[in-house]
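Quick notes on the structure that follows.
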Number of protein chains: 2
Amino acid sequence: MAAYDHPDSATFELIPVLRALADPARLEIVRHLGRVGEANCATLIGTRPKSSMSHHFQVLRESGVLRTRIEGVQHRNSLRLEELDARFPGLMAAILNAA
Amino acid sequence: MAAYDHPDSATFELIPVLRALADPARLEIVRHLGRVGEANCATLIGTRPKSSMSHHFQVLRESGVLRTRIEGVQHRNSLRLEELDARFPGLMAAILNAA
DNA sequence: TGCTTTGTTCGATTTTTATCGAACAATATG
DNA sequence: CATATTGTTCGATAAAAATCGAACAAAGCA
């Protein structure tokens, strides 16, 4: 599998980022990554099928919320916290700290 | 016209708030209110028809993002910044400061 | 009362997103 | 090579949101 391309942080846009975060499955992914740092897709799938999850990861990736690194068969995801904070200061902190 | 009912700040939920903010028309409304403090609907309508705008105000109101006060024929809107910040610290600041 | 202003509600579309099974691709391992 | 593991892609459907004209409602004013 070829590496994904990720948007440059200079091109992050607020609305796609907010839309990416405004979904229960994706917010859960984001919060889990906020705790564990990095995780592959499989460990983040709850009850939903793989194809649904793949879609959610794509939305998160394309908006800039997370980065996916390929290692063997696994795709390891992590939040792009520094870049997000540079572009939207305080946003991810607010999301991750929210009750 | 009877007064609107607004959700209590204790019942604000993150996903509806994010969804409310993740729309171009609504984000523009929010940013405008962030600058001017209070405004009636008419001054916030750009090119879109009234019925569309009424819908956007409803979404913002029901999620807790803004409050609508009726004064005569006009409906005056303002952000619920203190309450939002109490529940989601830093969130609205991040939104309003974002490039 | 009749007219104007401000905004809502209704109803019908259209557009956008989410969902998920099935087939596929890439890597690793026996 | 055969098989398992991990995740993507495709395609069809369903669900959710946005859009907007037209009719309506409330308040103010001549």
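Here is the naming used below: chain letters follow the sequence lines, and residue numbers restart at 1 for every chain. The structure displayed is predicted, hence computed values, not measured ones.
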When the distance from CG of L18(B) to C1' of dA17(D) is rounded to whole Å, what number comes out? 16 Å
Under 3.5 Å, side chain of N97(B) to main-chain N/O of A93(B), donor-acceptor pair present? yes
Less than 4.5 Å apart, side chain to side chain, heavy atoms only: is that true for L44(B) and H32(B)? yes
Just by modelled atom types, is the L66(A) backbone N or O under 3.5 Å from a matching donor or acceptor in the R80(A) side chain? no
Rounded off to whole Å, could you give me the CG-to-P distance for the L21(A) and dA18(C) pair? 12 Å
Under 4.0 Å, heavy atom to any atom of DNA chain D: which of residues 63-77 of chain B qualify? G72(B), V73(B)
Roughly, in whole Å, what's the span from CD in E62(A) to P in dT8(D)? 11 Å
Residues touching DNA chain C, which here means a heavy atom under 4.0 Å, drawn from residues 28-45 of chain A: none
Is there a path of hydrophobic side-chain contacts, each under 4.5 Å between heavy atoms of I/L/V/M/F/W/Y residues, joining I70(A) to L33(A)? no
Assess, by modelled atom type and distance only, whether the side chains of S9(B) and R87(B) contain a donor and an acceptor separated by less than 3.5 Å. no
Applying a strict under-4.5 Å side-chain criterion to I, L, V, M, F, W and Y, I'd like to know whether M53(B) and I15(A) cluster together. yes
note: Y4(B), atom OH; dT8(C), atom C1'; distance rounded to Å ~ 7 Å
Can you check whether R76(B)'s main-chain N or O pairs, donor with acceptor, with N40(B)'s side chain at less than 3.5 Å? no
Donor-acceptor pair, distance only, cut-off 3.5 Å: does the side chain of H6(B) make one with the backbone of T68(B)? yes
Would you please confirm or rule out a distance under 4.0 Å between OP1 or OP2 of dG7(D) and any side-chain N or O of R61(A)? no
Within the sub-3.5 Å range, which N or O atoms of nucleotides 18-20 of chain D have a protein N or O partner, and how far apart are they?
from    : atom 1 : to     : atom 2 : distance (Å)
dA18(D) : OP1    : R26(B) : NH1    : 3.0
dA18(D) : OP1    : R26(B) : NH2    : 2.8
dA18(D) : OP2    : H55(B) : NE2    : 2.9
dT19(D) : OP2    : H56(B) : NE2    : 2.8

Verify the ring-centre separation between H75(B) and Y4(B): is it less than 6.0 angstrom? yes
Between D23(A) and R26(A) (side chain of the first, backbone of the second, donor and acceptor by atom type, cut-off under 3.5 Å), is there such a pair? yes
Any donor-acceptor N/O pair, S63(B) side chain to V59(B) backbone, under 3.5 Å: yes
